[in-house]
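I have placed the structure first, in the form of structure tokens, so that the comments after it can refer back to it.
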Amino acid sequence: MTCSRVIGTGSYLPEKILTNSDLERMVDTNDEWIRSRTGICERRIAADDQFTCDLAEQASLRAIEAAGIKNTDIDLIIVATTTADQVFPSTACLLQHRLGIEGPPAFDVQAVCAGFMFALDVADKFIRTGSARCALVVGAETFSRIIDWTDRRTCILFGDGAGAVILKADNSPGILSTHIHSDGKYKDLLCVPVGVSKNYNLVQQGKAYTTMEGGEVFRWAVTAMSDIIEEALVANNMDKEQIDWLVPHQANIRIINAVGKRAKIPSEKVVITVNRHGNTSAASVPLALDEAVRDGRIVSGQYILLEGFGGGFSWGSALIKM
Ligand code: COA
């Protein structure tokens, strides 16, 4: 049976660092509050002339180099993003052109902070069904562009970045399972309530901002991210002790700690980047994965559980043998 295997990872963070003390000068907040409520110390912000595709391109080039493949070996490109460069073409098509690839399908998926898990699920299915043999899967965001920088409840949380993986067809997994879920009845708890088709005048006025019921999102995130760990373990007939690393969506250290506690996964086995990256939405999981691969924590043969959660609500997991 054909499976998909991760053969390379890459990531990119914009140069500009926005610290908590920078935010103290922008809104009524303080470093101690942000650290204790979220675990975030700093986040990266894209330059004015830097767009999501620019971040995606850098992360992709690093993943391609790590995989030791040629750009033209890629026969599927999926970009998970909430902050596409343009209404159309998709960021994936823009990225495809940058990479000098012609012909194979390239498209975006939109599941906000769970987007990378959805993209991975789709790419894995393409490979399992023989429709692709070498997929580039990217999570990339310039989330800073949909933040109200005068709203202290949201602006402290988010940052920009990109992460990418190369998946290759193989006889043995690889990706052991993916599970993705959505429940649109929670649409108003975390959203940008304007777009091209609705209230476009607010977009034109530069008021396409993220709104959030923080407490409700927090509770839901903990429940959903704990439940999908169990779902992945049951589906693979595995025990939590067999998981070498949990790579959760990096939204808030308190969410991550609560999930680890409920799932009984010790904190030494959890990859954390939220302190330095903030919440980079669809980029958060592949960014954290790449960091742990490059610093040598994640190595070949280990079992890695990736999980994401975000607006919709949408949430998902992938259990991978590296
Ligand atoms: N600095 C200082 N005070 C702040 C603040 C800030 N940046 N943001 C909110 N506050 C204030 C509130 O106004 C409130 O004041 P009040 O009691 O006088 O009304 C107080 O701090 C407590 O606010 P509360 O919302 O109860 O704090 P919290 O402990 O729930 O933490 C979040 C708020 C947003 C950090 C937390 O709810 C959270 O992380 N939720 C999940 C968000 C998330 O991850 N979203 C993305 C998911 S993909």
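Please read all numbers here as calculations on a predicted model, not as lab measurements. Counting starts at 1 for both ligands and their atoms, following the listed order.
Set against the non-hydrogen atoms of Thr38, the atoms of ligand 1 under 4.0 Å away are 35 (C). For ligand 1, the atoms sitting less than 4.0 Å from at least one non-hydrogen atom of Phe309 are 48 (S), numbered in the order shown with element in parentheses. Ligand 1 places these atoms under 4.0 Å from at least one heavy atom of Ile156: 7 (N). Short contacts between ligand 1 and Ala251, defined as distances under 4.0 Å to a heavy atom of the residue, involve ligand atoms 44 (O). Applying the 4.0 Å criterion to heavy atoms of Met212 picks out, from ligand 1, the atoms 34 (C), 42 (C), 43 (C), 45 (N). Set against the non-hydrogen atoms of Cys113, the atoms of ligand 1 under 4.0 Å away are 48 (S).
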### Task
Starting from the C-alpha separation in whole Å, work towards a yes-or-no answer on side chain to side chain contact (heavy atoms under 4.5 Å, CB included) for Val271 and Leu246.
CA-CA 6 Å; Val271 178; Leu246 176 67; over 6 Å; no

### Task
Evaluate the side chain to side chain contact (heavy atoms under 4.5 Å, CB included) criterion for residues Ser314 and Val112: first the C-alpha distance (whole Å), next the side-chain angles of each, then the deciding distance (0.1 Å), finally the verdict.
CA-CA 8 Å; Ser314 287; Val112 206; over 6 Å; no

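Val79 has its side chain within reach of Leu95: a pair of non-hydrogen atoms, C-beta onward, lies under 4.5 Å apart.
Contact annotation for atom 30 (O) of ligand 1: protein absent (non-hydrogen atoms, distance under 4.0 Å). Within the 4.0 angstrom cut-off, atom 11 (C) of ligand 1 has one or more protein heavy-atom neighbours. Within a 4.0 Å radius of atom 17 (O) of ligand 1, the protein has no heavy atom. For atom 25 (O) of ligand 1, the nearest protein heavy atom lies 4.0 Å away or farther.
Looking at atom 1 (N) of ligand 1, its nearest protein heavy atom turns out to be Thr29 OG1, 2.6 Å. Protein heavy atom closest to atom 39 (O) of ligand 1, with residue, atom name and distance, is Asn252 ND2, 2.7 Å. Distance from atom 8 (N) of ligand 1 to its nearest protein heavy atom, with residue and atom name: Trp33 CH2, 3.3 Å. The nearest heavy-atom contact from the protein to atom 40 (N) of ligand 1 is Gly214 O, 2.9 Å.
Residue Ile255 touches ligand 1 through its side chain alone, judged by heavy-atom distances below 4.0 Å. Residue contacts with ligand 1, taken as heavy atom pairs separated by less than 4.0 Å, involve Asn279 solely via side-chain atoms from C-beta onward.
Of the candidates Arg37, Met225, Glu32, it is Arg37 that places a heavy atom closest to atom 27 (O) of ligand 1. Between Phe218, Trp220, Phe158, it is Phe218 that holds the heavy atom closest to atom 36 (C) of ligand 1.
Without hydrogens or angle criteria, Asp85 side chain to Cys53 main chain gives a donor-acceptor distance under 3.5 Å. Judged by distance alone, with hydrogens and angles left aside, the side-chain atoms of Asn236 form a donor-acceptor pair with the main-chain N or O of Ala232 at under 3.5 Å. Between the Gln250 side chain and the Asn279 main chain, no donor and acceptor come within less than 3.5 Å of each other.
At a 3.5 angstrom cut-off on N or O pairs, His249 does not count as close to ligand 1. By the 3.5 Å distance cut-off applied to N or O atoms, Arg152 is counted among the residues near ligand 1.
In terms of heavy-atom proximity, Asn237 sits nearest to Gln242 at O-OE1, 4.5 Å.
Aromatic ring pairs are classed by plane angle as parallel below 30°, tilted from 30° to 60° and perpendicular above 60°; the pair His181 and Trp315 is parallel. Between Phe313 and Tyr186, the ring planes are parallel. Angles under 30° get that label, and only those over 60° would be called perpendicular.
Using a 4.0 Å cut-off between charged nitrogen and carboxylate oxygen, Arg297 and Asp244 do not count as a salt-bridge pair. Under a 4.0 Å N-O distance rule, the pair Arg276/Glu42 does not qualify as a salt bridge. A salt bridge is absent between Arg152 and Glu24: the closest approach of a Lys/Arg side-chain nitrogen to an acidic carboxylate oxygen does not fall below 4.0 angstrom.
Looking at Thr280 and Glu141, their side chains never bring a donor and an acceptor atom within 3.5 Å of each other.
For the pair Gly215 and ligand 1, a heavy-atom separation below 4.0 Å is found.
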